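Data first, discussion second: the structure below is written as structure tokens.
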Amino acid sequence: MTLSRRTFIKSSVISALSLPFMQGCRFVDSENDESDRLFMLFQNPPVTSKPFVRWWWNGDKVTAKEILRELDIMKTAGIGGVEINPIRFPGGDDLGIPSLEWLSPEWIEMVKTALKGAEERGMICDIIVGSGWPFGGEFLQPEEQTQLMTQTALKVKGPGKIELKTADLLAEASPQVASKYEGATSELYSLCLAPVEMSAFTPAIDLPFEKGADVISIDLPEGEHILYALVKVTGFQAVINGAPGAAGPVLNHYNQQAVEKFLNRMSDKLFPAIGNLKGFRALFCDSMELEGANWCHDFLEEFQTRRGYDVEPYLPFILYKVGHMGHAVEGALATTLFGEAKEEVDRVRYDFFVTCMDIVRDRFLKPYTEWCNKYGFKSRIQTYGREFHPLEASLEVDIPECETWFWNADGCEKDAFIKSPTDTNVNKFVASAAHYSGKRLVSCEEITNTGNVFNATLEKIKMTGDQSNLSGVTHSILHGFNYSPLEVPFPGWVMYGTFLNERNTWWPYFNLWATYKTRISTVLQESDFFADIAVMHPLADMWTIHGPQRDPFPGLHYPSYQYKVWEAIHRNGNSCDYISEGIIQQSSFKKGNLVFNKRKYHTLILLEVESMMPATAEALLAFVKAGGKLIFVGKEPYKSPGYKDHQTNDEKVKQTIGRIREAYPSQLFTVEAPVEPVSWFRGVQQQCDIVPYMKIDTPSPYVSQIRHQAGDKDIYFITNCNPDDEIRIQATFADNGKTPWLWNPETGERSPYPSASGSVLQITLGPAASQLIVFEDAKANKMAIPAIPLQSSSPVNLNGWNVRMEHINGDTKKLEIDTLIDWSADPATQGFAGVLYYEKTVEDAAGFYYLDLGKVYGVSEVILNGESLGCKWYGNRVYQLPEHLAKAPVKTLQVKITTTVGNYLKATPENKTGQSWTRHQKWLPTGMIGPVKLV
């Protein structure tokens with residue numbers, strides 16, 4: 001094959017500049033094979049792969065005309081579905097539009113309008129149950145409202161008599177919740193005296209008192225004591241952001257009768273009215289955030305049945321004064337426990353929290369899914385928080401959902417994804433549960449944004465979404481699209497979100513991201529996630545010592561590095577799922593693998609696990625006996641969780657782990673806890689002879705990957721989360737005779753990988769870039785153009801620009817600048833938002849093939865001699881110069897940069913909506929910073 005000089009140089013520059021998908025340089029594709037279903041879907045994705053949006057019906061101030069207008073806006077932008085989400089009105093000019101009450105006939109008509117409109121447009125519709133979160137409503141009876149058993153304590157000294165006002169005790173015990181319901185009621189459940197210190201457990205002394213008395217007299221025995229007051233609070237929490245008709249007190253999720261009554265209220269009123277409409281795909285339940293709710297009328301009986309002993313004597317010592325989002329109030333007075341007493345109480349605490357999880361699972365989670373399925377809909381639930389097992393709860397759901405947050409106000413911190421990963425801690429739990437239950441659809445409340453609403457860039461949205469996919473997500477439900485009529489003054493009604501709105505400056509380019517994301521989701525939904533390692537967290541130890549955490553934002557990480565390990569595994573070329581004791585106990589063990597349904601793992605890593613059930617230890621023995629590799633990190637299991645029969649169970653665990661160590665020393669490894677996780681796992685691979693399927697020469701904290709499989713295809717999604725720097729790696733894959741192809745999610749094309757030598761790939765990832773590499777049996781009809789190191793003349797910098805600033809407020813300004821600047825750094829222009837046009841004449845571009853814009857903050861477009869060279873919205877802003885334009889004698893060059901709107905709103909103090917989000921944020925860098933050069 002003969003290469004022209006121009007073709008030779010184009011190939012070289014591609015390698016040097018690491019164009020994300022070699023736009024404008026299409027290689028010869030293999031002939032389309034009609035049986036190649038995955039690639040055909042990749043080219044023409046189904047609507048189920050398109051991003052959906054949470055559609056906030058702000059204050060339920062909705063009209064049929066506006067509903068249909070917004071559906072048109074979303075469909076045009078590449079959005080495939082909506083989740084109808086009634087929510088409180090966020091404030092602002094409501095134009096006198098009335099609020100419709102949830103489940104009223106008028107509201108139901110609007111839901112029908114949305115369903116019919118979505119169906120006519122080929123879109124999919126979900127709906128949240130109720131409004132806001134958690135479920136609740138003004139109509140709930142007291143016995144149906146959420147309940148909390150809490151306590152307060154004070155130190156007293158006898159002998160003597162003291163008098164206590166009941167009202168003071170109730171006020172002191174009142175939970176300090178974030179969303180307080182003013183109609184809450186409290187009752188004094190019990191009073192008891194306990195020692196100031198305790199080394200061997202003895203129950204507290206019950207103190208009789210008159211129920212309902214305003215003042216209680218207590219005779220104190222001699223000595224110092226801790227006086228505990230246990231208080232039951234009913235209806236203490238209000239629905240967070242509830243809209244009219246579904247605000248008020250929160251539902252008691254521990255009460256199945258109340259749960260079913262609440263659900264039936266919706267199905268009885270709404271579902272018959274839908275009639276012949278297609279209806280909903282799924283009914284949605286947001287994250288719990290029950291703020292510590294832990295009680296129901298028969299909790300004591302349920303505990304006795306499930307755990308085999310009476311928990312009541314332990315309540316003063318395991319309960320705590322409840323603060324924000326269910327956290328324990330720091331510094332609250334309590335008996336100091338040590339020795340046997342501390343161990344006994346800790347074990348009972350574990351049993352208490354596990355019982356709470358069991359009751360919520362049986363009385364809310366399972367009935368909820370059964371109710372959805374009864375009416376032909378799927379359940380879509382975020383099953384995490386203090387009330388759920390972070391992994392096993394998602395096994396019960398049709399569409400398990402997690403969430404990925406949008407952090408970092410200024411959008412340009414290089415290490416933002418390393419220091420504060422956007423995928424939350426629950427994502428890997430939820431995705432792993434989906435894998436165990438054979439579900440390919442892992443839904444995600446994505447780019448959850450409660451702070452940087454007007455400063456989100458498409459580049460940061462891409463990077464955030466890429467991180468989401470790495471954690472196991474296969475479908476995005478964006479957070480979110482605000483229902484907001486055009487007549488509302490700019491920026492409109494804004495509850496949360498990333499200003500997904502046609503009034504956003506960069507909205508015309510949203511479809512570019514949506515197209516990219518849709519094709520990635522298609523491949524992930526139509527293939528199976530591959531993992532060869534399972535990771536078990538010390539959940540039983542954490543619950544015993546600290547209690548469950550408020551996922552997705554735990555008050556502590558136990559151990560501190562726990563959520564960094566999976567990332568380190570992936571960055572070193574392996575993949576993992578999380579695993580639980582329940583999954584391990586139900587697994588089989590064959591040919592060196594732990595097998596559960598269609599999942600299998602050759603290595604099981606335990607992160608500082610000290611406690612496990614005896615049945616789990618026996619399963620570990622069976623695993624290593626079958627040839628599996630077992631790795632203890634930091635600590636070794638030696639005891640069981642829970643109180644009943646714990647001495648016998650402890651001994652069983654200790655003996656079983658001892659048998660593993662004695663009989664299978666070559667299968668058991670003990671490693672130190674990580675300090676720097678990426679290099680640590682590199683060492684674990686070497687120490688434990690773990691062979692990565694993708695051997696990376698120099699692992700980077702910014703580069704990660706996942707592997708999927710579909711038929712004969714091995715699929716790798718590889719990302720660089722560094723927004724500033726290019727990263728190059730050499731990756732060696734198994735030599736299976738397949739050809740590596742680069743699938744381009746932006747164009748739907750594929751081409752032979754340009755820098756491959758057999759199974760060894762030279763992978764260059766530009767800033768914020770990603771690659772979809774597919775090893776398949778398809779062969780190229782022609783030889784791919786080789787990538788050759790760049791050997792060309794020095795680039796030429798372009799200086800001196802005419803700039804036209806078209807402000808979003810309608811103002812226009814023209815400037816001449818010699819040197820490119822960040823417009824946010826100048827007080828005269830730092831409030832600019834809109835479109836920047838940089839123009840100049842280039843007299844001689846002969847011998848140059850690319851235009852590199854350098855650093856750009858915003859979406860960029862290039863027009864040369866009146867001809868568009870395309871649009872770049874992330875990563876390297878490098879444009880190929882078409883040959884006929886490169887030879888033209890005089891070139892009029894225009895670079896169009898579209899900014900975000902945050903700086904404008906920050907600079908506009910009279911805009912109350914904008915100021916509420918931006919006044920405390922930094923000025924976002926704006927414009928083309930360069931250097932701009934011809935290459």
Side-chain angles (χ1 to χ4, degrees), residues 306-309 343 346-347 350-351 353-355 357-358 361 389-393 395 429 432-433 435-437 531-545 576-671 688 690:
R306 295 169 187 265
R307 305 277 89 88
Y309 65 96
E343 181 183 2
D346 284 350
R347 288 178 178 275
Y350 167 87
D351 285 339
F353 288 122
V354 169
T355 301
M357 293 178 192
D358 287 351
R361 177 198 64 207
H389 189 293
L391 188 150
E392 293 178 6
L395 298 172
F429 282 116
S432 299
H435 302 156
Y436 291 120
S437 52
D532 47 9
I533 296 172
V535 177
M536 178 177 160
H537 287 226
L539 293 178
D541 294 304
M542 181 176 70
W543 297 342
T544 299
I545 302 167
C576 69
D577 279 322
Y578 287 166
I579 200 166
S580 68
E581 291 198 61
I583 297 294
I584 291 173
Q585 292 173 21
Q586 297 175 59
S587 297
S588 60
F589 309 97
K590 305 171 185 176
K591 299 180 180 179
N593 290 303
L594 181 153
V595 180
F596 185 90
N597 289 337
K598 295 182 179 180
R599 311 298 295 172
K600 64 179 183 179
Y601 311 91
H602 57 64
T603 299
L604 176 57
I605 299 176
L606 274 58
L607 303 181
E608 301 198 20
V609 173
E610 297 178 280
S611 303
M612 63 174 54
M613 299 303 295
T616 306
E618 289 293 337
L620 297 186
L621 175 60
F623 173 56
V624 295
K625 187 176 181 180
K629 293 179 182 177
L630 180 61
I631 301 175
F632 295 151
V633 179
K635 298 175 181 178
E636 181 175 296
Y638 69 95
K639 60 180 179 178
S640 64
Y643 178 62
K644 184 175 172 56
D645 301 327
H646 69 273
Q647 290 158 326
T648 301
N649 291 335
D650 286 356
E651 189 60 31
K652 289 179 179 178
V653 171
K654 194 178 302 181
Q655 288 181 0
T656 304
I657 298 301
R659 288 171 58 196
I660 293 173
R661 183 167 294 285
E662 181 179 348
Y664 303 97
S666 63
Q667 305 303 119
L668 176 62
F669 302 86
T670 301
V671 301
C688 305
I690 298 173

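What you see is a predicted model; the values in this text were computed from it and never measured.
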Pair up each side-chain donor or acceptor in residues 661-669 with any protein partner under 3.5 Å, not counting sequence neighbours, and list the distances.
unit_1: Arg661; atom_1: NE; unit_2: Glu636; atom_2: OE1; d: 3.1
unit_1: Arg661; atom_1: NH2; unit_2: Glu636; atom_2: OE1; d: 2.4
unit_1: Arg661; atom_1: NH2; unit_2: Thr670; atom_2: OG1; d: 3.2
unit_1: Gln667; atom_1: NE2; unit_2: Gly627; atom_2: O; d: 2.8
unit_1: Gln667; atom_1: NE2; unit_2: Gly628; atom_2: O; d: 2.9

Legend entry - Rounded distance (nearest 0.5 Å) linking atom NE2 of His646 with atom CG of Asp351: 10.5 Å

Inset, instruction - Would you give the length of the straight line joining atom CG of Leu607 to atom CE of Met536, rounded to the nearest 0.5 angstrom? - result: 9.5 Å

Legend entry - Point-to-point distance, once rounded to the nearest 0.5 Å, from NZ of Lys635 to CD of Glu610: 4.0 Å

Inset, instruction - Identify whether the distance between the nearest side-chain nitrogen and carboxylate oxygen of Arg307 and Asp358 falls below 4.0 Å. - result: yes

Legend entry - Tyr436: partners by ring pair (Phe, Tyr, Trp, His ring centres under 6.0 Å), with sequence neighbours left out: Phe596

Inset, instruction - Output, in order, the C-alpha distance, side-chain angles, deciding distance and verdict of side chain to side chain contact (heavy atoms under 4.5 Å, CB included) for Leu539 and Leu391. - result: CA-CA 11 Å; Leu539 293 178; Leu391 188 150; 6.0 Å; no

Inset, instruction - Specify whether Trp543 and His389 have parallel, tilted or perpendicular ring planes, treating 30° as the upper limit for parallel and 60° as the lower limit for perpendicular. - result: perpendicular

Legend entry - Pro637 versus Ile657, closest heavy-atom pair with distance: O-CG1, 3.6 Å

Legend entry - Spacing of Glu651 atom CD and Thr648 atom OG1 [to the nearest 0.5 Å]: 8.5 Å

Legend entry - Polar side-chain atom of Arg347 near backbone of Ser640 as donor-acceptor pair, under 3.5 Å: yes

Inset, instruction - Taking all non-hydrogen atoms of both residues into account, name the closest pair between Ala540 and Pro641 and its distance. - result: CB-CB, 3.9 Å

Using distance only, find each side-chain donor-acceptor pair of residues 578-587 under 3.5 Å and give its atom names and separation, not counting sequence neighbours.
unit_1: Ser580; atom_1: OG; unit_2: Glu392; atom_2: OE2; d: 2.7
unit_1: Ser580; atom_1: OG; unit_2: Ile583; atom_2: N; d: 3.3
unit_1: Glu581; atom_1: OE1; unit_2: Met613; atom_2: N; d: 2.8
unit_1: Glu581; atom_1: OE1; unit_2: Thr616; atom_2: OG1; d: 2.5
unit_1: Gln585; atom_1: NE2; unit_2: Thr616; atom_2: OG1; d: 2.8
unit_1: Gln586; atom_1: NE2; unit_2: Gly582; atom_2: O; d: 3.1
unit_1: Ser587; atom_1: OG; unit_2: Ile583; atom_2: O; d: 2.7

Inset, instruction - Report yes if some heavy atom in the side chain of Arg659 is under 4.5 Å from a heavy atom in the side chain of Glu618; otherwise report no. - result: yes

Legend entry - Candidate list Asn593, Asp577, Asp532, test side-chain hydrogen bond (donor to acceptor under 3.5 Å, both in side chains), partner Tyr601, passing option: Asp577

Inset, instruction - Please say whether more than 12 non-hydrogen atoms of neighbouring residues, nucleotides or ligands are located less than 6.0 Å from NZ in Lys600. - result: no

Legend entry - Heavy-atom closest pair, residues Pro390 and Phe429: O-CB, 3.2 Å

Legend entry - Spatial distance of atom NZ (Lys644) from atom CZ (Arg306) [nearest 0.5 Å]: 16.0 Å

Legend entry - Approximate separation, where rounding is to 0.5 Å, of Ile533 CD1 and His602 NE2: 5.5 Å

Inset, instruction - May I ask you to decide if Val609's main-chain N or O and Asp541's side chain share a donor-acceptor pair within less than 3.5 Å? - result: no

Inset, instruction - Just do the side chain to side chain contact (heavy atoms under 4.5 Å, CB included) check on Cys688 and Thr603 with the steps written out, would you? - result: CA-CA 9 Å; Cys688 305; Thr603 299; over 6 Å; no

Legend entry - Minimum side-chain heavy-atom gap Thr656-Leu620 below 4.5 Å: no

